[in-house]
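Counting from 1, the numbers follow the sequence of the chain as shown. The figures here come from the full heavy-atom set of this structure, side chains too, leaving out hydrogens, waters and symmetry mates.
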Amino acid sequence: MNYSFDKVASGLAKYLDKNLYSGMNDMQEIVARIMVGRVINRSEEIKTALSNNGLLRTFGVINHDGCIDVDGLVHDIKRQMESKGSIEISIPLFGKIKFVPEDIDDIHRCIMEA
């Protein structure tokens, strides 16, 4: 099912608030909240840029209206993650962040509840 860009952004922000900020020190949390706030404040510009991206549209990630195929992405991401067990992302200032397939379910839930 396709969800609006704003709903996805709100759901991701909810997930971050619920799961990631609590594990950060004060400086990391402040910087992360500022960055997320900037994304949310520029959501129309970001939505336009993403919905005009030919690659994302070709693969059905986002459509011309800026709606995102969340259910399809969740399915694909979980399938790939289950084969690896987990993925780890290293972000300067924040360190390594590890995701397991269950995190994808939680992100999906946060988006649906947003």
Side-chain angles (χ1 to χ4, degrees):
M1 182 169 176
N2 289 342
Y3 295 89
S4 73
F5 181 86
D6 292 336
K7 185 172 180 74
V8 173
S10 293
L12 290 174
K14 181 178 178 181
Y15 174 82
L16 293 173
D17 195 47
K18 179 178 154 188
N19 295 292
L20 290 181
Y21 295 144
S22 63
M24 296 178 173
N25 65 40
D26 290 344
M27 179 56 101
Q28 289 171 324
E29 182 181 350
I30 288 168
V31 171
R33 287 184 183 278
I34 289 169
M35 290 181 354
V36 169
R38 292 236 172 206
V39 168
I40 290 171
N41 289 338
R42 297 186 62 216
S43 64
E44 278 305 311
E45 294 170 50
I46 294 168
K47 177 177 80 171
T48 299
L50 293 174
S51 62
N52 287 330
N53 182 297
L55 185 64
L56 295 179
R57 286 183 55 190
T58 297
F59 288 101
V61 173
I62 193 166
N63 66 21
H64 66 282
D65 293 324
C67 292
I68 300 170
D69 177 17
V70 173
D71 295 340
L73 284 171
V74 165
H75 175 267
D76 295 341
I77 293 168
K78 274 195 68 177
R79 188 176 72 229
Q80 294 304 315
M81 283 183 70
E82 286 168 348
S83 71
K84 296 198 88 43
S86 66
I87 60 168
E88 196 170 84
I89 302 168
S90 182
I91 303 172
L93 182 65
F94 300 106
K96 293 181 180 179
I97 301 172
K98 184 176 181 178
F99 293 95
V100 295
E102 293 77 22
D103 290 318
I104 304 306
D105 292 328
D106 197 16
I107 291 169
H108 191 216
R109 231 180 340 274
C110 287
I111 291 169
M112 292 175 58
E113 292 170 357

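Among all heavy-atom pairs drawn from Lys18 and Asp106, the shortest one is NZ-OD1, 2.8 Å. Annotation for Pro101 and Glu82: closest pair CG-CG, 3.7 Å, computed over non-hydrogen atoms.
Salt-bridge check for Lys98 with Asp103: failed, with every basic side-chain N at 4.0 Å or more from each acidic carboxylate O. Remark: Asp17 does not engage Lys14 in a salt bridge, criterion side-chain N to carboxylate O under 4.0 Å. Between Lys78 and Asp105 there is a salt bridge, since a side-chain N of the basic residue sits under 4.0 Å from a carboxylate O of the acidic one.
Side-chain contact between Ile89 and Phe94 is absent, with no heavy atoms from C-beta onward closer than 4.5 Å. Taking the side chain as every heavy atom from C-beta outward, Met35 and Val39 never approach each other to under 4.5 Å. Val70 has its side chain within reach of Val8: a pair of non-hydrogen atoms, C-beta onward, lies under 4.5 Å apart. When side chains are defined from C-beta on, Ser90 counts as touching Lys96, because their heavy atoms get closer than 4.5 Å.
Remark: the backbone N or O of Gly11 is not paired with any side-chain donor or acceptor of Glu113 at under 3.5 angstrom. Not one N or O on the side chain of Asp65 forms a donor-acceptor pair closer than 3.5 Å with the backbone of Cys67. Between the Ser43 side chain and the Ile40 main chain, a donor and an acceptor come within less than 3.5 Å of each other.
Note: the hydrophobic cluster containing Ile107 also contains Ile91 (ILVMFWY, side chain heavy atoms under 4.5 Å, direct or indirect links). Follow the hydrophobic side-chain contacts under 4.5 Å out from Leu93 and you never reach Ile34; the two are in separate clusters. Neither Val100 nor Leu16 shares a network with the other; the hydrophobic side chains, linked directly or stepwise wherever heavy atoms of I, L, V, M, F, W or Y lie under 4.5 Å apart, form separate groups for each.
The only option from Asn19, Ile87, Leu20 that meets the side-chain contact (heavy atoms from CB on, under 4.5 Å) definition with Ile97 turns out to be Leu20. The side-chain contact (heavy atoms from CB on, under 4.5 Å) with Tyr3 is formed by just one residue from the set Asp71, Asp69, Ile68; it is Asp71.
Arg79 CZ: more than 12 foreign heavy atoms inside a 6.0 Å radius. By the neighbour-count criterion of 12 heavy atoms within 6.0 Å, atom CG of Asp26 is sparsely surrounded, having that number or fewer from other residues, nucleotides or ligands. Shown here is Phe59, whose CZ atom has no more than 12 heavy atoms of other residues, nucleotides or ligands within 6.0 Å.
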